[in-house]
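Each remark here refers to the structure printed beneath this line.
A, B, ... follow the sequence lines: proteins, then strands. Residue 1 opens every chain.
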Amino acid sequence: MSYNFNDIEAKWQKYWEENQTFKASNDREKPKFYGLDMFPYPSGAGLHVGHPLGYIASDIVARFKRHQGFNVLHPQGYDSFGLPAEQYAIQTGQHPADTTQVNIEGGVDKAGDKIEGYRKQLDKIGFSFDWSREVRTSDPNYYKWTQWIFIQLFESWYDKESDKARPISDLIELFNQDGNTKVNAVCDEGVANFSAEAWQNFTEKEQQEILLQYRLTYLAETEVNWCPDLGTVLANDEIVNGVSERGGHAVVRKKMKQWSMRISAYAERLLHGLEDLDWTESLKETQRNWIGKSVGAQAQFKIQNSEFKIDVFTTRPDTIFGVTFMTLAPEHDLVAKITTPEQKEAVEDYVQATAKRSERERMADVKTISGVFTGAYAEHPFTKEAVPIWIGDYVLAGYGTGAVMAVPCGDQRDYDFAKHFNIPIKNIFKDVDISEEAHAGKDGTVIDNSDFLNGLTYKKALKTAIYELEKLGQGKGKTNYRLRDAVFSRQRYWGEPFPVYYKNGMPKMIQAQHLPIRLPEVEKYLPTQEGEPPLGRADVWAWDTQKNEVVSNELIDDKTVFSLELNTMPGWAGSSWYFFRYMENEKRDEVFASAEAMQYWQNVDLYIGGSEHATGHLLYARFWTKFLKDRNLVPVEEPFKKLINQGMILGESAFVYRVRFVNVVESTANILDEVEFNKVEIESIEEFVNKYNFKIFASKNLCKTRLYPDANFGTGQLEISSNFPLIEEILLNKFLSSEKLLKGISISVQKIHADVSLVNTSNELDIEAFKNWREEFNDAEFITEENGKYIVGREVEKMSKSKYNVVNPDDICNEYGADTLRMYEMFLGPLEQAKPWNTAGITGVHNFLKKLWKLYHNGEELSVSDDKASPESLKSLHKTIKKVTEDIEDFSFNTSISTFMICVNELAAQKCNNREILESLAILVSPYAPHIAEELWSKMGHQESIATAAYPKFEEKFLVESTKTYPVSFNGKMRFTLDLSLDLSKDEIEKAVMEDARTQKQLDGRTPKKVIIVPGKIVNIVG
RNA sequence: GCUCGGGUGGUGGAAUUGGUAGACACGUUGGACUUAAAAUCCAAUGAACAUUAGUUCGUACGGGUUCAAGUCCCGUCCCGAGUACCA
């Protein structure tokens, strides 16, 4: 019986489903292992071979852990809220819930295209997912709990004393006792002090307004990243290079009233928590940079002839005597207040000009120095000298206090600014030349011209300066974080609705027992005419506080019926806690996850996903977990113990080269006269050009000229320089009769993508298929290589539909089988590395599986004997057990595939058919190629699935060697090998080596100076 | 600019604490089987010279440490990722 993978795989996938083989129980008897993949966004494009890479890796580990006796939780679900579904809804009018369902479960979309569906595609690869615990973030039964967590955040504040989140009721109690003077909380900047009495005398509304400044999720007027094209605000991590991550749209800064998450309260814990996580250093570093802790001081400068004071943050208080000016961000509150009448116009112009610039412009143009003097002066805290106050857009409103004390001798930006505007530069570093550029003045530099800091070095001066500032009451040590509070509102339809209604303009939470608040129906998914979010179009979107249900907007009376929040939550809301949801399989209606379940599963032992989530999802999920831990809602501080980022699988794009006629010399009489179009029925150059322009394709090797990017052809297309003797010659032979015609035409070649499915493994294009691929190519002509083949060019690029380089895993499963796909994806290279997909290479692992199959068969029949295995076979097996076990633990899956290949090659050479070997081998292979392993296992007489068969135990005794093949080197160069017993002593080895004829030949009469012998390793003869 | 990775055959990639560089595959070439093709099997395959033993050069480049360096140290170049006026 030959290896009929299609039947085998279908059979076992059905078996696993029917028998619920991978259903995890919350049974506490066994040790637990929780292996998780970042759940996918179910897009309509379906899976390509890059998507399952991480899933295969985690599946191998999950299956391995089952063999080792762990109770394994390996769930899967869908992050099904998001922008693409909504954009598609806007275009087609279909409800995002419908398209999302089709994308997951399969069906036919409105365009009539058949969609296979994520689930079917995943099932085909044979994952051991426990689908009984599936989650979908857009399912009301799920987002009910997302809304519930939001309410918990609203009902909490961050107490710096106990360094954790506490219920808001505790805060109210504190306010009632002592006002806010004794409260040490993370809150908005500039909350006014009040006494207990004052608190009690505030109106209800005033109290709520104050509490809002303390809540962990709060509504506030903040400067946000507004993306006009997407019609929504974006979080910092959703912006890349000043444009939106999705679609690359422009982003501008705008003040808007928005929900925010006070993630900044957790900055220090998020930073500190990284230390104990088993994540890659680079990912931790990315998060550290994003949190951006800097330690320094806050200093206060009085403004001359004014009530106002400017607070600045600096990491270098030691350089305070070098201050020669101050710079405020143009958006700084004080700008309007301190500007002198003479400078008013210039300042206002500048402020307006900067406000107009988009983020991208501002970023693109960091080199240009700009700024304006406000006319005001501050007073230096120590020297009491007048310090001019400038504004400049190199100072960011959002960082620190939005103001800097400029020390041009020590900071290059201040230096450049000072030079540009002829502001004096004061050197406070001893024996340092600052005539060309600023000097950091840290290591070994001594401070000068600085009163009490004179003669000190950086570290000492830093402490002294802070001490003196504190003494003056004009500053203190301070730590600043780059991490900003995260904007939590989106002006979108396809997201979680907030469980919030508004009474007297103040947000009120809907009580938890009335959740979920379901998304209302709207007739269109666009913002309203008035610029409200899409939920502004809903007719039934008001909260009745008597009936506790969503009712028609017509009933709003602001007494018992109120308007509901129109924004929805961002994409990261649902993904910030889903890993806890999987733990719960029974009481999903009653709790987001039960305490018992969470106590058992704790946190994710292995999390695999893309590194693009470093500053988004992974940070937010850690934040929510810490919050939930503070409120005793979950038992753990960190959600993901170990994390691996799988590398991207790149596509190998195929290119065809299209001939384009340029610089056609029109109507040159003497050329036309002599032209004979006897090979094609053409009567003029114009006709020829019109007919064949962009219709002739030249094979790759005819176009071996340098490629130049060509702006005229849009992105991704290139033009090749225009010297093509070969093509010209062929053109002449094939289409034209006169060489002179070519003088009237010059050609260029344009490179365009061809669908990779039209190309075989030898890079030959299927010309007929290509002609039929797109209508415009139907009548194309091809100039082939001498052997008549059309060869395409290849280039490695990101896999994408628009590049026609997508390889569908379904096709690979059909042609080679899921086991081959799984093994080949692992065989490609290290999991974390980006690597190109090359379907040609797949035959290697496919052949391996065929050889594996043959090892268990003699002709058509299963051939397994109960005889004792030979020592060689046992050695091959145990070598493999050792290596593969180590490899899985190191996540080095590519090398374990090699190990299997070596093992099977050896066993085949030994003609091994012993049950004791072959059963163990089937278990070893099973995590990687589960279908063939199940089939062989059952053929060998087992009734139960192989999934929980005990992993073979490695035994050293089978590997013990008696001899070693020693490499014998002369001056470090290996010359020959010599088999010697491992029992020999150093002296005996030396004797044996020296007696060898080859040694004497190498020495050629010389006497060795030295002989290095490392028993069991090497012999090196020097001299 | 800064931070973190990385540079090994025609290709993807191996190489425990420094100890036989190129495992395992792909590709290529030659051969067997076949009317033929596919499939399968066998052999060769870092480069150059010698074509029989053998010699020399080879892990981005230049130095160094060592009996021995892809691996450790110093310098340079290149590629990738993250971040970017962060005071």
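Every residue two or more places apart in sequence or in another chain that forms a salt bridge (Lys or Arg N to Asp or Glu O under 4.0 Å) with A:Arg316 is listed here: A:Asp318. Evaluation of the side-chain contact (heavy atoms from CB on, under 4.5 Å) rule for A:Lys426 yields A:Phe321, A:Thr324, A:Ile428, A:Asn449 as partners, not counting sequence neighbours. With sequence neighbours excluded, the residues forming a salt bridge (Lys or Arg N to Asp or Glu O under 4.0 Å) with A:Lys879 are A:Glu906, listed by chain and number. Applying the side-chain contact (heavy atoms from CB on, under 4.5 Å) test to A:Phe5 and every residue at least two apart in sequence or in another chain returns A:Tyr3, A:Glu9, A:His846. Looking at residues two or more places apart in sequence or on another chain, you find a side-chain contact (heavy atoms from CB on, under 4.5 Å) between A:Thr899 and A:Thr880, A:Lys883, A:Val884, A:Asp887. Evaluation of the side-chain contact (heavy atoms from CB on, under 4.5 Å) rule for A:Met901 yields A:Phe827, A:Val845, A:Phe848, A:Ile897 as partners, not counting sequence neighbours. Residues satisfying the salt bridge (Lys or Arg N to Asp or Glu O under 4.0 Å) test with A:Lys882, not counting sequence neighbours, are A:Glu886. Residues satisfying the ring pair (Phe, Tyr, Trp, His ring centres under 6.0 Å) test with A:Phe417, not counting sequence neighbours, are A:Phe325, A:Trp390, A:Tyr394, A:Phe421.
Within 4.0 Å (heavy atoms only), A:Asp414 reaches no atom of the nucleic acid at all. Residue contacts shown for A:Asn480 are absent, as no nucleic acid heavy atom lies under 4.0 Å away.
Ring geometry, A:His878 versus A:Phe954: the interplanar angle falls from 30° to 60°, so the pair is classed tilted.
Closest approach to the A:Val404 side chain among B:rA87, B:rU83, B:rA21 is made by B:rA87 (side chain taken as heavy atoms from C-beta onward).
The two residues A:Ile434 and A:Ile425 have their closest heavy-atom pair at CD1-CG2, 3.6 Å.
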Worksheet item: According to the Watson-Crick and G-U wobble definition with distances under 3.5 Å, which dot-bracket string, read 5' to 3', encodes RNA chain B, using [ ] for crossing pairs and | for pairs with another strand?
Response: (((((((..(((......[....)))((((((.......))))))((((....))))..(((((..]....))))))))))))....
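When the C1' atom of B:rA87 is taken as reference, atom NZ of A:Lys478 falls 13 Å away, rounded to whole Å.
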Worksheet item: Base, backbone or nothing for each nucleotide of nucleotides 47-58 of chain B, written B, S, -, heavy atoms under 4.0 angstrom, 5' to 3'?
Response: --------SSS-
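If you check residues 894-904 of chain A against RNA chain B, the residues with a heavy atom closer than 4.0 Å are A:Asn894, A:Thr895, A:Ser898, A:Met901, A:Ile902, listed by number.
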Dump the pairs, protein N or O against N or O of nucleotides 60-69 of chain B, anything under 3.5 Å, distances to one decimal.
residue	atom	partner	partner atom	Å
B:rC67	O2'	A:Asn1020	ND2	3.1
B:rC67	O2	A:Asn1020	ND2	2.8

